[in-house]
Participant: 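Just dropping this structure here.
All values below were derived from every heavy atom in this structure, side-chain atoms included, with hydrogens, water molecules and symmetry-related copies excluded. In what follows, chains carry the letters A, B, and so on, assigned in the order in which the sequence lines appear, proteins first and then strands, with residues in each chain numbered from 1.
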Protein chains: 2
Amino acid sequence: MSAISEILYNARKQRNLVLRKVAAAVDIDQSLISKFEKGERVPTKEQTIKLSKFYGIPQKEFLIDIISEKVVRTIQEYEFAETILKVAEEKIEYLNSKRGFKKQQNNLLDAK
Amino acid sequence: MSAISEILYNARKQRNLVLRKVAAAVDIDQSLISKFEKGERVPTKEQTIKLSKFYGIPQKEFLIDIISEKVVRTIQEYEFAETILKVAEEKIEYLNSKRGFKKQQNNLLDAK
DNA sequence: TATATTTGGACATTATTTGTCTAAAATATA
DNA sequence: TATATTTTAGACAAATAATGTCCAAATATA
């Protein structure tokens with residue numbers, strides 16, 4: 001039972017809504033929403049956006065939550081999952097520094 | 001051009017092997033190995049194991065490299081990729097602490 | 001107890017990843 | 001320079017994974 005499940009379940013309960021009503025409002029099958037609330041499935045990006053809008057959940061934070069959950073489900077079978085993330089971080093930082101470099105280059109070119 | 005590409009390319013060059021020879025030895029299409037070396041594709045787990053054995057690359061380290069590369073390719077489109085990894089880390093740590101708890105429980109039960 | 005709601009499981013559909021093929025491009029060799 | 005060999009890129013087939021739907025069983029409510 002992940003945080004996403006709880007967030008969705010609580011959001012619906014606070015509003016005293018049944019799945020059918022949410023399903024109609026956001027155009028997602030009620031069975032699927034049930035699975036999200038039970039942690040059986042993870043919403044897609046589009047579904048995430050729809051649900052966050054409907055429930056007034058901050059979109060970016062929710063997206064981060066969803067995508068990180070997907071990452072976790074991919075790597076959790078490995079005993080070295082934490083190391084994977086550390087290495088991934090280094091790679092992302094490296095990519096960002098390359099982008100930063102390119103941005104600086106572009107800025108210099110624009111100045112000319 | 002990722003580290004994986006360089007590792008594979010250098011490993012092959014050091015041994016003065018052509019793709020065809022490696023391909024036959026590890027039973028992976030030579031065109032595919034070329035794509036790995038160029039960073040166009042990422043090897044599967046099974047391919048990773050085969051290549052690490054063939055080249056004598058430490059398997060666990062190589063697996064970590066490969067899987068983290070896949071994670072990176074999934075999330076790098078987002079400007080908040082680093083945050084995703086941070087949250088994923090917290091989730092993994094949480095899971096590990098739950099597992100630790102279960103292990104302790106199991107140990108206690110065994111002791112009885 | 002009847003009805004409404006939620007859930008789980010099977011399976012269809014869609015999307016993504018992976019593997020293969022082939023010829024062009026690049027490089028090496030004679 | 002001609003030829004052989006190697007590498008590569010692109011198209012597409014095949015395999016796998018993710019996602020959506022359907023429907024009845026399970027559960028909750030009145």
Participant: Side chain to side chain donor-acceptor pair (under 3.5 Å): which pairs involve residues 50-62 of chain A, sequence neighbours left out?
Facilitator: none
Participant: For the pair made of CD1 in I33(A) and P in dT6(C), what is the distance, rounded to whole Å?
Facilitator: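 Going from I33(A) (CD1) to dT6(C) (P), I get 10 Å.
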Participant: Work out which heavy atom in S68(A) is nearest to a heavy atom in A88(B); give both atom names and the distance.
Facilitator: CB-N, 3.7 Å
Participant: Rounded off to whole Å, could you give me the CD-to-P distance for the E40(A) and dG9(C) pair?
Facilitator: 8 Å
Participant: Would you mind classifying the nucleic acid contact of K13(B) as base, sugar-phosphate or nothing, using non-hydrogen atoms under 4.0 angstrom?
Facilitator: sugar-phosphate
Participant: For every nucleotide of nucleotides 25-30 of chain C, 5' to 3': is a protein heavy atom under 4.0 Å from its base (B), only from its sugar-phosphate (S), or from neither (-)?
Facilitator: ------
Participant: Could you go through E90(A) and K86(A), starting from their C-alpha distance and side-chain angles, then the distance that decides it, and tell me whether this counts as salt bridge (Lys or Arg N to Asp or Glu O under 4.0 Å)?
Facilitator: CA-CA 6 Å; E90(A) 289 164 12; K86(A) 288 284 192 301; over 6 Å; no
Participant: Verify the cluster assignment for L95(B) and V87(B): are they in a single hydrophobic cluster under the rule of side-chain heavy atoms below 4.5 Å apart?
Facilitator: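 Yes; tracing contacts between hydrophobic side chains, which count when under 4.5 Å, links both residues.
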Participant: Can you check whether I4(A) reaches T48(A) side chain to side chain, under 4.5 Å on heavy atoms?
Facilitator: no
Participant: Honestly curious: do I66(A) and I57(A) fall in one hydrophobic cluster under the side-chain, below-4.5 Å linking rule?
Facilitator: yes
Participant: Angle between the two end axes of the helix from dT1(C)-dA30(D) to dA30(C)-dT1(D), five base pairs per end, rounded to 10 degrees?
Facilitator: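 The two end axes of the helix from dT1(C)-dA30(D) to dA30(C)-dT1(D) meet at 30°.
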Participant: Can you tell me the distance, in whole Å, between the NZ atom of K45(A) and the P atom of dT16(C)?
Facilitator: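 Rounded to whole Å, this separation is 11 Å.
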Participant: Identify each donor-acceptor pair in which a side-chain atom of residues 19-35 of chain B lies under 3.5 Å from a protein atom, sequence neighbours left out, and give them as a table.
Facilitator:
| from | atom 1 | to | atom 2 | distance (Å) |
| --- | --- | --- | --- | --- |
| D29(B) | OD1 | S31(B) | N | 2.8 |
| S31(B) | OG | K35(B) | NZ | 3.3 |

Participant: Quick one: pull up CD in E79(B) and CG in N96(A) and give me the separation to the nearest 0.5 Å.
Facilitator: 11.0 Å
Participant: For every nucleotide of nucleotides 18-23 of chain C, 5' to 3': is a protein heavy atom under 4.0 Å from its base (B), only from its sugar-phosphate (S), or from neither (-)?
Facilitator: BBBB--
Participant: Has the side chain of K91(A) got a donor or acceptor atom that lies under 3.5 Å from a matching backbone atom of D65(B)?
Facilitator: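 The answer is yes, because a donor-acceptor pair under 3.5 Å joins these two groups.
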Participant: How many Å lie between CD on E46(A) and C1' on dA18(D), as a whole number?
Facilitator: 13 Å
Participant: Identify all side-chain donor-acceptor contacts of residues 40-47 of chain B below 3.5 Å with residues at least two apart in sequence or on another chain.
Facilitator:
| from | atom 1 | to | atom 2 | distance (Å) |
| --- | --- | --- | --- | --- |
| T44(B) | OG1 | Q47(B) | N | 3.2 |
| T44(B) | OG1 | Q47(B) | OE1 | 3.2 |
| Q47(B) | OE1 | T44(B) | N | 2.7 |

Participant: Listed by chain and number, what are the ring pair (Phe, Tyr, Trp, His ring centres under 6.0 Å) partners of F80(B), not counting sequence neighbours?
Facilitator: Y78(B)
Participant: What are the residues of residues 19-26 of chain B, sorted by number, that bring a heavy atom to within less than 4.0 Å of DNA chain D?
Facilitator: L19(B), R20(B)
Participant: Less than 4.0 angstrom between a side-chain N/O of R12(B) and OP1 or OP2 of dT7(D), yes or no?
Facilitator: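 Indeed, a polar side-chain atom of R12(B) lies that close.
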Participant: Just how far is it from atom CZ of R12(B) to atom CZ of F36(B), taken to the nearest 0.5 Å?
Facilitator: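 If I round to the nearest 0.5 Å, the distance is 13.0 Å.
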Participant: Quick one: are I75(B) and I67(A) in side-chain contact, heavy atoms under 4.5 Å?
Facilitator: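 The answer is yes, as the side chains (C-beta and beyond) meet within the 4.5 Å cut-off.
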